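In what follows, every heavy atom counts, from backbone to side chain, and hydrogens, waters and symmetry copies are set aside. All values derive from a computational prediction rather than experimental measurement. Letters go in sequence order (proteins before strands), and every chain restarts at 1.
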Protein chains: 2
Amino acid sequence: MSIQARRERERAERERAIVAAARELAESEGWDAVTTRRLAAEIEYSQPVLYSHFKGKDAIMAAVAVEGFVDLAADLAAARTAAIDERQAVADVAAAYAAFAERRPALYDAMFTLTVYLPFASQDVPVDVARAFAELAETLRPVAGGDDLETYTETFWSGLHGLVTLMRSGRLRRADHDRRLALLVDRFAR
Amino acid sequence: MSIQARRERERAERERAIVAAARELAESEGWDAVTTRRLAAEIEYSQPVLYSHFKGKDAIMAAVAVEGFVDLAADLAAARTAAIDERQAVADVAAAYAAFAERRPALYDAMFTLTVYLPFASQDVPVDVARAFAELAETLRPVAGGDDLETYTETFWSGLHGLVTLMRSGRLRRADHDRRLALLVDRFAR
DNA sequence: CCGCAATCCTAGCATCGCTAGCGAATCTGC
DNA sequence: GCAGATTCGCTAGCGATGCTAGGATTGCGG
């Protein structure tokens, strides 16, 4: 019994190692560098063991993405609670969101651009994903006015997401980023 | 001399055929189905001829993307000029933008998500790309108020882009799309 | 102590983007 | 008009990818 427990423990540890290796590799060298062979070498196991933990490479990326939502939610929560007033909270949370995307581009890509099949708008949203969204919603609640909070949050979120993705892909000049961010916040925080 | 002209004409024709095949294949079966071998078979030439026209697959996708901007600019222009008043124009153009992304998902991906190295925020922006952006800017000019028009346009554009990308990747429920769009327009059109 | 089941590795498949190098067709200079 | 040079498009293949089949080795249960 105990030996079986150790087995399961080691197996769980290895699974965490896979996700950690994928995340670190992606953040340091980009997702193109994250191959199953490279990942296997990193955890010092052979390639097929990856498939005993995850259905495929996409599933590994999805696991990395979920971890990303934990970090994002934490960043947003910190920005929100530290803000002086409700209006400033919107600006600070927006800045924190943009900073997260800027600081962890590979992670952000996994969360929003690359991984498609993460359940989002359904009943079984991963709890960490929901928490990040809830953090945004709480920030916007005081300024949403008569509009439906969920719709309001989703729309504001879209604005943030559009800003960071278009900028990161070179569609928007980085120099004007702060002005765009301020403009977006101004539109939604009054 | 004339025979050389025919050569160049045929070559240009073949190049157009490559881009057209890539676009049609992407729109009917998705970009995953667009492989260089499949493309070569479609134009009834061998694989390497593709590389005498384009530097690589990315360059072909970029060419498709540029074509997409022509269509998008046309859609936006039509929506703008047909609108009753300036405020309605913003709503109509936004709807046209979202409809374009919805109707041509593969094309939209090529324009914004997949192709990275299309020059955008620099001096040599492709003219068709600039036209699409200008169409948006003209629509927003009457409602931009004291804000810088370019910043205003970029921010609104980001909102639209965020809405369509998050929805298409399953992050937003499709049912509430119209409400989000109306909310975004409301924030920017008054 | 032995059969069986789980675990993990070696080897390989199909496919991808891309390129080297050859053969034929075409143009150029005498 | 003809030999040499050049362009053109092809066949074949390279390295790398995600993923899988099948065998070997390990360790548990009777």
| remark: Across all chains, not counting sequence neighbours, the salt bridge (charged side-chain N to carboxylate O under 4.0 Å, His left out) partners of A/Arg187 are B/Asp147
| Which of residues 13-43 of chain A have a heavy atom under 4.0 Å from DNA chain C? | A/Arg14, A/Arg37
| What is the distance, rounded to the nearest whole Å, between atom OH of A/Tyr45 and atom P of C/dT10? | 13 Å
| field | Set of ring pair (Phe, Tyr, Trp, His ring centres under 6.0 Å) partners for A/Phe133, sequence neighbours left out | value | A/Trp157
| Considering residues at least two apart in sequence or located in another chain, which fulfil the salt bridge (charged side-chain N to carboxylate O under 4.0 Å, His left out) criterion with B/Asp75? | B/Arg103
| query | Taking CG from B/Leu50 and C1' from D/dT11, how many angstroms apart are they, rounded to a whole number? | reply | 15 Å
| request: Estimate the overall bend of the helix from C/dC1-D/dG30 to C/dC30-D/dG1 from the end axes over five pairs each, rounded to 10 degrees. | output: 10°
| message | Between the base of D/dC10 and the side chain of B/Gln47, is one N or O donor paired with an acceptor at under 3.5 angstrom? | response | no
| task | Give every residue pair that meets the side chain to side chain donor-acceptor pair (under 3.5 Å) criterion with at least one member in residues 83-93 of chain A, sequence neighbours excluded. | result | A/Gln88-A/Asp92
| said: Between B/Arg171 and B/Ser169 (side chain of the first, backbone of the second, donor and acceptor by atom type, cut-off under 3.5 Å), is there such a pair? | reply: yes
| message | Just the rounded figure in Å: distance from C1' of D/dC8 to OH of B/Tyr51. | response | 18 Å
| request: In whole angstrom, give the distance that lies between atom CZ of A/Arg11 and atom P of C/dA6. | output: 13 Å
| request: With sequence neighbours excluded, tell me which residues meet salt bridge (charged side-chain N to carboxylate O under 4.0 Å, His left out) with B/Glu24. | output: none
| query | To the nearest Å, how far apart are B/Lys57 NZ and C/dT19 C1'? | reply | 17 Å
| said: Per the salt bridge (Lys or Arg N to Asp or Glu O under 4.0 Å) rule, what does the pair list look like for residues 152-167 of chain A, sequence neighbours excluded? | reply: A/Glu154-B/Arg173, A/Glu154-B/Arg180
| field | Parallel, tilted or perpendicular: rings of A/Tyr97 and A/Phe112 (30°, 60°) | value | tilted
| task | Find the distance B/Met61:CE to C/dC18:P and express it as a whole number of Å. | result | 11 Å
Could you list the protein-to-nucleotides 21-24 of chain D atom pairs, N/O on both sides, closer than 3.5 Å?
none

Pair up each side-chain donor or acceptor in residues 39-51 of chain A with any protein partner under 3.5 Å, not counting sequence neighbours, and list the distances.
{"from": "A/Gln47", "atom 1": "NE2", "to": "A/Thr36", "atom 2": "OG1", "distance (Å)": "2.6"}

| By salt bridge (charged side-chain N to carboxylate O under 4.0 Å, His left out) - contacts of B/Glu13 (at least two apart) | B/Arg16
| note | Sorted by chain and number, sequence neighbours left out, ring pair (Phe, Tyr, Trp, His ring centres under 6.0 Å) with A/Phe188 holds for A/Tyr152, A/Phe156
| query | Where the side chain of A/Val49 is defined as all heavy atoms beyond and including C-beta, which of D/dG9, C/dC8, C/dG17 is the nearest nucleotide? | reply | C/dC8
